[in-house]
Amino acid sequence: MKAVVVTGINEFGVEDIEVLPPQASEVRVKMKACGLCMSDHHVISGAMPTPLPCVLGHEGAGVITEVGERVTRFAEGDAVILNFSPACGKCDMCERGLGLYCSAHPTDMGLAGLQADGSHRHQRPDGEAAGAFMALGCMAEETVIHEDRVVKVDSGVDLTRACVVSCGVMTGAGAAINTGAVRPGDSVAVFGCGGVGLNVIQGARISGAGQIFAVDLSPTKLELAQKLGATHLINGGEQDAVAQIMALTGDMGADLAVECVGAPALMRQAYDSTRKLGMTVVVGVAPPDQDVALNAFDLLLTGKCVCGHKASGAHSGQFIASLVDHYQAGRLDLDTLVSRTYAIDEVQQAVDDLLNNVNARGVIVFD
Ligand code: CXF
Ligand code: ZN
């Protein structure tokens, strides 16, 4: 079967690979669609160091075609969204309500392309093992993953749109709804309006935010931001974003600022644009060797809070299901987000378009 495999830094392509049969608690998923996320490109470029070869893809949806002998929650034919941040429900962390950091499915193993026990499920034709990015490896015609990593959805859901809930939407909307805990009337500043930032905006809108400031360098992204709920557009290349946000909040600062680029200087701007006791949420993936500078005295005096965020920021399985409900009810716009679909053989074009900011989200669709 065809899969997008990264074989070296900036070397990737479509390969014919094998996926092993599901183990007792695993399922085989025939992929319907897989979105392309900047984190996939971080694997390609080496910005997020990952053992290679590695099958890309961590934003997918498909249909179960086979279940392992101990799987009881799912059956052949179930439509599912894949979840790169599952909670087993039984480990020490899950028992304390901290399933986002489930010990049975550690994120760092997924980032290394490994299953929790360190094994692989994918094999190149010469028998070499290949990793699966975020333990999903779903930019492929099919994949085999742990049953905790799928969320069942109604068979009527359009998976070519709903697949983006699996990373960009749950990450962005989760930063507003869960980690940022936006309340009706709040002011929210979003730095970076790509596939994640646009969904911070949607999450803030769904939560009833009063003002939503979208900051980006691209007029096209700002236009999309407005369509998805931003109330004020700030071109960071032309205007001083912090000064604008201060002025628009009556010199108070935003209740919440979310950084979605992964640039320490922008994280500082986000922090500077929040009010006393306000919160800055860092969602952007910065290179692992970079620090962010905050003034220690200002931190002390203002009581501001800076918080990291990954995945949904909460129980990702439940949150994915709720986002699909929002989509089905017309509250979450995925149709605007998915601006182009590609065949798997067009992956080079899809990656070029990702880098050139052509799409809100580009999605690879399988037959
Ligand atoms: C990733 C970023 C790196 C940590 C895990 C989650 N998010 C999405 O692409
Ligand atoms: Zn992602």
Side-chain angles (χ1 to χ4, degrees), residues 4 6 31 33-51 54-61 81-87 99-102 105-114 116 131-140 143 145 149 151 162-176 178-179 192-200 203 258-263 267 281-290 307-317 319-320 323 334 337-338 347 350-351 353-355 357 359-364:
V4 178
V6 183
M31 296 307 303
C34 178
L36 201 64
C37 170
M38 208 49 176
S39 297
D40 293 307
H41 189 263
H42 290 333
V43 176
I44 295 173
S45 69
M48 204 150 65
T50 309
C54 183
V55 179
L56 275 192
H58 62 289
E59 186 179 86
I81 309 271
L82 275 49
N83 177 5
F84 71 78
S85 181
L100 183 62
Y101 289 90
C102 171
H105 301 294
T107 299
D108 53 351
M109 292 297 277
L111 281 171
L114 299 170
F133 187 46
M134 299 308 284
L136 296 180
C138 58
M139 204 173 288
T143 192
I145 55 179
R149 292 186 178 274
V151 178
C163 68
V164 297
V165 166
S166 169
C167 180
V169 180
M170 86 152 152
T171 304
N178 299 324
T179 304
C193 300
V196 172
L198 290 172
N199 291 300
V200 178
V258 186
E259 199 274 356
C260 304
V261 176
M267 293 171 193
V281 175
V282 173
V283 182
V285 181
D289 60 350
Q290 293 195 9
C307 193
H309 171 89
K310 71 158 176 131
S312 67
H315 187 290
S316 297
F319 193 58
I320 286 172
L323 289 171
L334 303 183
L337 275 183
V338 180
V347 65
V351 170
D353 288 352
L354 174 75
L355 291 180
N357 285 320
N359 299 307
R361 217 48 163 179
V363 166
I364 293 178

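Indexing begins at 1, ligand by ligand and atom by atom, following the structure's order.
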Colleague: Students should find this: residues with any non-hydrogen atom under 4.0 Å from ligand 1. What is the answer?
Modeller: Cys37, Ser39, His58, Phe84, Thr107, Met134, Cys167, Val285

Colleague: Output the distance between atom OG (Ser45) and atom CG (Leu355), rounded to the nearest 0.5 Å.
Modeller: 8.5 Å

Colleague: Measure from the side-chain N and O atoms of Thr143 to the backbone N and O of Leu136, and report whether any donor-acceptor pair falls under 3.5 Å.
Modeller: yes

Colleague: Look at the side chain of Thr50 and the backbone N and O of Val43, then say whether any donor-acceptor pair between them is shorter than 3.5 Å.
Modeller: no

Colleague: State the count of protein N/O/S atoms located less than 2.8 Å away from the Zn ion (ligand 2).
Modeller: 3

Colleague: Nearest 0.5 Å, what's the CD-OG1 distance between Glu59 and Thr171?
Modeller: 8.0 Å

Colleague: Give, for atom CG of Leu198 and atom SG of Cys260, the distance between the pair rounded to the nearest 0.5 Å.
Modeller: 9.0 Å

Colleague: Determine whether a donor-acceptor pair (N or O, by modelled atom type, separation under 3.5 Å) exists between the side chain of Asn178 and the backbone of Ser312.
Modeller: yes

Colleague: Donor-acceptor check, side chain of His41 to backbone of Val351, threshold 3.5 angstrom: yes or no?
Modeller: no

Colleague: Would you indicate whether the side-chain heavy atoms of Val258 and Val196 approach each other to under 4.5 Å?
Modeller: no

Colleague: Keeping the roles fixed (side chain from Lys310, backbone from Tyr101), state whether a donor-acceptor pair exists under 3.5 Å.
Modeller: no

